[in-house]
Amino acid sequence: MTEEKSLNFIEEIVESDLASGKYKNIVTRFPPEPNGYLHIGHAKSITLNFSLAKKYGGYTNLRFDDTNPVTEDIEYVDSIKDDIRWLGFEWKQELYASDYFDQLFQFALKLIKEGYAYVDDSTSEEIATMKGTPTQPGVNSPFRSRSVEENISLFTQMKDGKFKDGEKVLRAKIDMSHTNMLMRDPVIYRIKHAHHHRTGNQWCIYPMYDFAHGQSDSIENITHSICTLEFVPHRELYDWLIQKLEIFPSHQYEFARLNMTYTVMSKRKLLQLVNEKIVAGWDDPRMSTISGFRRRGYTPESIHLFCEKIGVARRENLIDIGLLEFCLREHLNKIALRKMVVLDPVKLIITNYPEGQSETLTSEDLHGENSPIRNIPFSRELWIEQEDFLEEPDKKWFRLAPGKMVRLKSAYIIQCDKVEKDNTGKVTEIHCSYIPNSKSGNDQSGLHVKGTIHWVSVQHAIDIEVRLYDRLFTIEDPANAEGDFKDYINPNSLKVKTAKAEPSLANSHIDDRYQFIRKGYFCLDSDAKPQSPVFNLSVSLKDTFAKKK
RNA sequence: UGGGUUAUGGUGUAACGGUAGCACUACAGAUUUUGAUUCUGUCUGUCUUGGUUCGAAUCCAGGUAACCCAACCA
């Protein structure tokens, strides 16, 4: 059965361009500004650009849009490259808009020579005022009619550092009464005496986005320049500049950016969370950054699946973060090694199991058949989960309770005989007896129990730190809520506890993925040290029982 | 009050004038040594008003709503 997958609108454009012979193959680019870490929204864009080129036999460039030296930094270019590689994509060329500064300067000169650009001495406030408003046309700058010679001379002096920041700008000469505000003589070069992370102090004028992005696309022969919806109004300017410059006609296409519930997606907001130490850093496992998800235990596969499922369209969206979690579980369920870990321990004593005795049982590492198996020590005293015992359960309870039976996963069936409590009424010990002929894999007891619980042998258990994460925000759309988004931080987004784990967890590696049975998926955190393992909750298991309560 | 963009179940996304489909979620059931997984089933949708047409989610006109645009940010 061939299931025909429908194309998204960009694939349709590409297919039609290919079919019409407009292009023989396509070239895309991913153009981050190195002023922050990449987030899951970028993953959507990365996946779109790289997958598209791969699917249609083209390639993708990685181009850093580094035209604003005051906000950009080498730290960010390194992290961006790491993240893209981790996602599994390979760029054809690693490029920088700053590679084109000379070329861009020549482009500007060409515009000036043809009367399409001029140097303006107005202040930014004056320029803003003269620009008008969306409902009122702007007025021409008094400097708009300078001669070509004067403009060339002034622009060259700008480049040569003859002026201070803000003293002059170069503007495209288009139409001050255009309905599109971006066409009202946009600034295309400004003076910034700033150190650039690549060109150093070579330049003191820097092109604006609109005079760098499209031109870079063109220089690289990008066929499909894909960006998000807020750039729709820029497209007219993008096309205008390419036409006046008479360079390769790249085309811009826009799609709706990713928004996700219970998180924020803007670099500015993420930076605030980092700077104000609300999170531990850009790669804090609660962050929506790619590095955050990676540290949290997400896999590239899970993110690919997510990007495939959310689709690509042109309408605003707010994706349920539950879908991302679903995609993670979907992958982890197949690969995560099963382990037994008790998060909130209470002691269970098997009174008819000899003191001092222990035995080695085996358990499956994975769910399906043909799973590898591992050894687990069993003994008289065990840790079990507090929530797996209830003194006065209702009829739907099938875990442990006085007089009730459960199976200890991969071990024996036990029956609860008695409980010990402290003077506050808290259960301190649960006394049970086990059914010797009910051993897992060789059960001759004929008993049928509904519940199975996990456990760890007290004398063999190791202590591990577990970090349990919850969503960072308490409301679905903090970015668009009333007031400051930080008012909606979830105070319980991180809980740390010491858990009792089966000994095999002592030698874990950073890329290993685990399922702590009946609890969730976990991975070793980068804070872990050989003698003090730390595990992150990647995502909990679906829990229909807890939900019903 | 100008210009641009978009409206399909709770959330996403298809259907390109001819049966509104898929996924997630929710709910119900089966299986289960993870209340997980797996399997089966159920609920819920074309913004609105007109028009064209044998036939409209799709085409046309008018409304309505949401988002974007007045950085020397990208």
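- Here, B:G18 and B:G55 have their C1' atoms 7 Å apart, quoted to the whole Å.
- Straight-line distance between the C1' atoms of B:A74 and B:U34: roughly 48 Å, to the nearest whole Å.
- A distance of about 33 Å separates the P atoms of B:U46 and B:A36, rounded to the whole Å.
- Under the 90° criterion around 0 for the glycosidic angle, B:A71 counts as syn.
- Among B:C72, B:A23, B:U13, the nucleotide with an atom closest to any side-chain atom of A:Ser124 is B:C72.
- Relative to the six-membered ring of A:Tyr96, A:Arg198 meets both conditions, a distance below 6.0 Å and an angle of at most 45° to the axis.
- Atom pair A:Ile310:CD1 and B:A14:C1' shows a separation of 16 Å (rounding to whole Å applied).
- Neither OP1 nor OP2 of B:C73 sits under 4.0 Å from any side-chain N or O of A:Arg268.
- Counting non-hydrogen atoms under 4.0 angstrom, A:Val312 reaches the backbone sugars and phosphates but no base.
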#### Entry: side-chain hydrogen bond (donor to acceptor under 3.5 Å, both in side chains) assessment of A:His234 paired with A:Gln252
CA-CA 9 Å; A:His234 292 254; A:Gln252 176 184 303; over 6 Å; no
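- In summary, A:Arg190 and A:Asp165 do not engage in a salt bridge, as defined by a charged side-chain N under 4.0 Å from a carboxylate O.
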### Task
Spell out protein contact along nucleotides 27-38 of chain B as letters: B when the base is contacted, S when just the sugar-phosphate is, - when no protein heavy atom is under 4.0 Å; keep the 5' to 3' order.
------BBBBB-
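- A distance of about 46 Å separates the C1' atoms of B:U42 and B:C69, rounded to the whole Å.
- The shortest distance between the side-chain N/O atoms of A:Thr135 and the OP1/OP2 oxygens of B:A70 is not below 4.0 Å.
- Taking the six-membered ring where tryptophan is involved, the planes of A:Tyr412 and A:Tyr353 are tilted, since the angle between them lies from 30° to 60°.
- RNA chain B is contacted by both A:Glu167 and A:Leu318; A:Leu318 maps to the nucleotide lying nearer its 5′ end (nearest heavy atom per residue).
- Residue A:Tyr209 is classed as a base contact, given a heavy-atom separation below 4.0 Å to a base.
- Rounded to an integer number of Å, the gap from A:Leu323 CG to B:A23 P is 13 Å.
- Annotation: cation-pi pair A:Lys168/A:Phe163 present, NZ/CZ under 6.0 Å from the ring centroid and within 45° of its normal.
- In this structure, A:Lys131 does not reach the B:A71 phosphate: none of its side-chain N or O atoms is under 4.0 Å from OP1 or OP2.
- Using a 4.0 Å heavy-atom distance criterion, A:Thr261 is classed as making no nucleic acid contact.
- Between A:Ile319 atom CD1 and B:U11 atom P the separation is 11 Å, expressed in whole Å.
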Would you list the atom pairs, donor with acceptor, under 3.5 Å between side chains in residues 28-41 of chain A and any protein atom, with sequence neighbours excluded?
{"from": "A:Thr28", "atom 1": "OG1", "to": "A:Asn49", "atom 2": "O", "distance (Å)": "2.9"}
{"from": "A:Thr28", "atom 1": "OG1", "to": "A:Thr60", "atom 2": "OG1", "distance (Å)": "2.8"}
{"from": "A:Arg29", "atom 1": "NH1", "to": "A:His213", "atom 2": "NE2", "distance (Å)": "2.6"}
{"from": "A:Arg29", "atom 1": "NH1", "to": "A:Ser225", "atom 2": "OG", "distance (Å)": "3.1"}
{"from": "A:Arg29", "atom 1": "NH2", "to": "A:Ile226", "atom 2": "O", "distance (Å)": "2.3"}
{"from": "A:Glu33", "atom 1": "OE1", "to": "A:Asn35", "atom 2": "ND2", "distance (Å)": "2.8"}
{"from": "A:Glu33", "atom 1": "OE2", "to": "A:Thr71", "atom 2": "OG1", "distance (Å)": "3.4"}
{"from": "A:Asn35", "atom 1": "OD1", "to": "A:Lys267", "atom 2": "NZ", "distance (Å)": "2.7"}
{"from": "A:Tyr37", "atom 1": "OH", "to": "A:Glu75", "atom 2": "OE2", "distance (Å)": "2.9"}
{"from": "A:His39", "atom 1": "ND1", "to": "A:Gly41", "atom 2": "N", "distance (Å)": "3.0"}
{"from": "A:His39", "atom 1": "ND1", "to": "A:His42", "atom 2": "N", "distance (Å)": "3.4"}
{"from": "A:His39", "atom 1": "NE2", "to": "A:Met265", "atom 2": "O", "distance (Å)": "2.7"}

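- The pair A:Glu230-A:Arg257 counts as a salt bridge, with a side-chain nitrogen and a carboxylate oxygen less than 4.0 angstrom apart.
- Look at A:Lys173 and A:Asp185 and you find no salt bridge, because none of the NZ, NE, NH1 or NH2 atoms lies under 4.0 Å from a carboxylate O.
- Residue A:Tyr238 contributes atom OH, which lies 19 Å from atom C1' of B:G4 at whole-angstrom precision.
- Here the C1' atom of nucleotide B:G10 and the CG atom of A:Asp477 are 15 Å apart, to the nearest Å.
- Salt bridge A:Lys55/A:Glu11: present, at least one basic N to carboxylate O contact under 4.0 Å.
- For RNA chain B, runs of at least 3 consecutive pairs of the Watson-Crick or G-U wobble type, with both hydrogen-bonding distances under 3.5 angstrom, map to B:2-7 with B:64-69, B:10-13 with B:21-24, B:26-30 with B:38-42, B:47-51 with B:59-63.
- Within 4.0 Å (heavy atoms only), A:Val169 reaches at least one base atom of the nucleic acid.
- A salt bridge links A:Asp388 with A:Arg518: the distance from a Lys NZ or Arg NE/NH1/NH2 to an Asp or Glu carboxylate oxygen falls below 4.0 Å.
- Residue A:Arg63 places none of its side-chain N or O atoms closer than 4.0 Å to OP1 or OP2 of B:A74.
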### Query
Which parts of nucleotides 63-69 of chain B does protein reach within less than 4.0 Å, heavy atoms only, written one letter per nucleotide 5' to 3' as B for base, S for sugar-phosphate only and - for none?
----SSS
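- Considering only residues two or more places apart in sequence or on other chains, A:Ser371 meets the side chain to side chain donor-acceptor pair (under 3.5 Å) condition with none of them.
- Comparing B:C60 with B:G4, their P atoms sit 16 Å apart, to the nearest whole Å.
- Between A:Asp210 and A:Arg235 there is no salt bridge, since no side-chain N of the basic residue sits under 4.0 Å from a carboxylate O of the acidic one.
- Partners of A:Gln136 by side-chain contact (heavy atoms from CB on, under 4.5 Å), not counting sequence neighbours, listed by chain and number: A:Thr133.
- Contacts of A:Ser16 with the nucleic acid, taken as non-hydrogen atoms under 4.0 Å apart, are absent.
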